[in-house]
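This report concerns only the one structure given below.
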Amino acid sequence: MYRHYSWEHSYFSGKVRAYLRFKSRSDALGPGFEDILATPELLVGRLLPKSGSQAVPQLEAPDGRWIQDSSEIIDYCERAHPEAPVVPDARERPHQRLAAYLIELLADEWVVVPAFWQRWYFSEDGREPSHRLFNEQQWGAVLAPDADGDDRRAAAARFFENGFGIAHSRSEPRGVYAGLVHLGCDERTEHAWQATQHRLLERLERHFSQHDYLLGGAPSLADFALLGPLYAHLYRDAVPGYALRTFFPLVCEWVERTNGEGCLNARSYGQKLYGLDDDGELVARVANRDGGAWLPDDEIPETLDAILDIFFEEMWPALREAAGTLSRFIGSDAHTPGDELPGKTFTATPGFEALQTGDGALTHDFSIGGIASRRMVVPYQMWMLDRMGRAIAASLDAAYARTSLETWLARFQDGPALLSLDAMLDGARVEKRDARLYSRA
């Protein structure tokens, strides 16, 4: 069977785990999967030698192939097991297909900032309320799985100090704290990032009052991607978890439904609700709204448009700036086409720190909540844009679909420009080879 190497508190592990559960419940994953806690012993002794990376999640296929990165894992499994698809068809559902990829990009590469901020802000020294002890517990469960409770927490506390410099997180940011700064989240902008997260949750709460999933009554790539931050960092972590349960109960219900565990009240996909016939016998009906299916006729409800507004208002301008910056860097004397680029890391990639920090050649201007700032270029985001462009190419081959998509995208700020990704990515195309990224020669 497939082996999923993961952590429960890992952002992208949550995305992949929920997807694999859905495919397994739908009898669409062939031999099924086993979820394996990626302890330091496995990271060093198995994952690194097999795949060249210690990042989680990773998937070991039954034939011995290793796939890393959540998007590639889902792409691989969808090709190998096309039953119960999570990506809408390019020709029959072009709007829903594009929406799914846009929300994946938003969830993976934009919401990651406020989600990480929530975890680590409320773990800093002197914070009130604080979930530092809970965070130590969940990290300690990975770092010292055979130790008792006190020693597990102590192992995490040492790691937080040695790896992240948690006692000096504001004055000398390291690790995740440095990563937040590199991505444009500091004392000037952190409340604007938090406001973005709050706006997203408000709009999700409104959407889930009418639909069980983002595209209607069945999960899609968009749901699993959004589960990454909302499950691992907001639902599980103590301080944001309290706020989520208090102010956004329908979002919490969706988290449980999409995660596919402990979700009887949340009506997981495929669940039945029961009534009684005249003889008092059980009569089953579909539990999920919208008939347990994506909305008909490729419909995108207004409540989903409101969520996509956040992508176009905030992330899309930043992506366009990043693409231009990366193109200029690749075309400069500082880089030879085909050479390695910074990888998919939360912080500046080792060896590229001078380029990805401050006013380095791989940083760019952006704005969040009306506050102008700078952040590092993440070439992986260009890879995701190129992947999305290839995914919607079949839709654009049909003239009616292109016209329809243009009309829909005109609702959003600079939305139609999305259909010109080829031009935008010219000079900024990225190749992915396992865990490493390279400019396209």
Side-chain angles (χ1 to χ4, degrees), residues 15 18-19 22 74 85-111 114-115 196-231 234 244 248-259 266-267 269 288-316 319 384-385 388 391-392 395 401 404-419:
K15 172 184 175 181
Y19 164 78
F22 166 74
I74 291 176
V86 302
V87 179
D89 181 78
R91 292 188 176 274
E92 295 182 2
R93 297 176 177 271
H95 299 82
Q96 292 177 350
R97 183 181 181 90
L98 179 53
Y101 279 104
L102 288 172
I103 291 174
E104 182 193 33
L105 183 53
L106 180 72
D108 282 9
E109 297 295 319
W110 197 253
V111 184
T196 284
Q197 176 181 282
H198 192 84
R199 185 162 58 253
L200 174 64
L201 292 172
E202 286 180 328
R203 297 179 185 189
L204 286 170
E205 187 79 0
R206 194 175 308 122
H207 178 81
F208 293 134
S209 72
Q210 301 175 37
H211 307 284
D212 282 351
Y213 295 99
L214 288 164
L215 297 182
S220 69
L221 173 66
D223 294 279
F224 299 120
L226 197 57
L227 188 73
L230 267 62
Y231 172 68
L234 301 190
L244 199 70
F248 304 104
L250 292 175
V251 175
C252 284
E253 186 182 76
W254 168 86
V255 167
E256 294 169 353
R257 179 184 306 128
T258 305
N259 193 42
R267 304 182 318 279
Y269 183 76
N288 296 122
R289 304 186 70 175
D290 300 307
W294 293 331
L295 292 170
D297 303 319
D298 199 25
E299 179 187 352
I300 301 292
E302 290 184 4
T303 50
L304 188 57
D305 276 350
I307 295 164
L308 290 169
D309 269 332
I310 296 173
F311 171 85
F312 285 103
E313 290 170 2
E314 295 187 2
M315 188 178 191
W316 184 221
L319 287 170
M384 287 197 77
L385 279 171
M388 180 171 65
I392 64 174
S395 302
S404 181
L405 285 171
E406 286 175 345
T407 300
W408 173 52
L409 289 171
R411 305 178 191 177
F412 306 107
Q413 180 176 308
D414 294 326
L418 191 69
L419 299 183

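Scanning all heavy atoms of the two residues, the minimum distance from Phe224 to Tyr19 falls at CD2-N, 3.6 Å. Here the shortest heavy-atom pairing between Asp223 and Leu214 reads OD1-N, 3.1 Å. Minimum heavy-atom separation, Tyr269 to Ala218: CE1-CB, 3.5 Å. Pairing each heavy atom of Gln197 with each of Leu234, the nearest pair is OE1-CD2, 3.7 Å. Taking both residues in full, the closest heavy atoms of Trp254 and Leu227 are given as CH2-N, 3.6 Å, listed atom of the first, atom of the second, then distance. The two residues Ser220 and Trp294 have their closest heavy-atom pair at CB-NE1, 3.8 Å.
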Requested in this report: May I have the step-by-step check of side chain to side chain contact (heavy atoms under 4.5 Å, CB included) for Asp309 and Arg411, ending in yes or no?
Outcome: CA-CA 9 Å; Asp309 269 332; Arg411 305 178 191 177; over 6 Å; no
Requested in this report: Tell me, with the steps shown, if Leu201 and Leu230 meet side chain to side chain contact (heavy atoms under 4.5 Å, CB included).
Outcome: CA-CA 9 Å; Leu201 292 172; Leu230 267 62; 4.2 Å; yes
Report task. Under the salt bridge (charged side-chain N to carboxylate O under 4.0 Å, His left out) rule, what do Glu253 and Arg257 come out as? Steps first, then yes or no, please. Result -> CA-CA 6 Å; Glu253 186 182 76; Arg257 179 184 306 128; 2.8 Å; yes
**Report entry** Working for side chain to side chain contact (heavy atoms under 4.5 Å, CB included), residues His207 and Leu250
**Finding:** CA-CA 9 Å; His207 178 81; Leu250 292 175; over 6 Å; no
Query raised in the report: Between Arg199 and Glu314, is a salt bridge (charged side-chain N to carboxylate O under 4.0 Å, His left out) present by the stated rule, with each step listed?
Result: CA-CA 12 Å; Arg199 185 162 58 253; Glu314 295 187 2; 2.3 Å; yes
Report task. Go through the steps for Trp408 and Leu308 under the test side chain to side chain contact (heavy atoms under 4.5 Å, CB included), then give the verdict. Result -> CA-CA 12 Å; Trp408 173 52; Leu308 290 169; 3.6 Å; yes
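Of the candidates Ile103, Leu295, Leu304, Leu215 forms a side chain to side chain contact (heavy atoms under 4.5 Å, CB included) with just one, namely Leu304. A side chain to side chain contact (heavy atoms under 4.5 Å, CB included) with Thr303 is found for exactly one of Glu205, Arg203, Gln210, namely Gln210.
Within the model, atoms NE2 of His95 and CG of Asp305 stand 10.0 Å from one another, a figure rounded to the nearest 0.5 Å. We find the CE-CD1 distance between Met315 and Ile310 to be 12.5 Å, quoted to the nearest 0.5 Å. With rounding to the nearest 0.5 Å, the separation of CZ in Phe311 from CG in Leu418 is 6.0 Å. Asp298 CG to Leu98 CG: the interatomic distance, rounded to the nearest 0.5 Å, is 10.0 Å. Interatomic distance, CD1 of Ile392 versus CG of Leu405, reported as 7.0 Å (0.5 Å rounding). To the nearest 0.5 Å, the span separating CZ on Phe412 from CG on Leu102 amounts to 8.5 Å.
More than 12 heavy atoms of other residues, nucleotides or ligands sit less than 6.0 Å from atom CD of Glu406.
Put simply, the side chain of Met384 reaches to within 4.5 Å of the side chain of Asp108, judged on heavy atoms. At a threshold of 4.5 Å between non-hydrogen side-chain atoms, the residues Asp212 and Asp290 do not count as touching. Counting heavy atoms from C-beta on, the side chains of Arg91 and Ser395 never come closer than 4.5 Å. Counting only heavy atoms from C-beta outward, the side chains of Val87 and Ile74 never approach each other to under 4.5 Å.
Between Phe248 and His198, the gap from one ring centroid to the other is short of 6.0 Å.
A side-chain donor-acceptor contact under 3.5 Å links Arg289 to the backbone of Ser209. Side-chain atoms of Arg97 come within 3.5 Å of backbone N or O of Pro88 as a donor-acceptor pair. Formation of a donor-acceptor pair under 3.5 Å by the Thr258 side chain with backbone atoms of Val255 is not found in this model.
No side-chain donor-acceptor contact under 3.5 Å links Trp316 and Gln413.
Between Glu104 and Lys15 there is a salt bridge, since at least one side-chain N of the basic residue sits less than 4.0 Å from a carboxylate O of the acidic one.
The side-chain contact (heavy atoms from CB on, under 4.5 Å) check on Glu256 picks up Tyr235, Cys263, Ala266, with sequence neighbours excluded.
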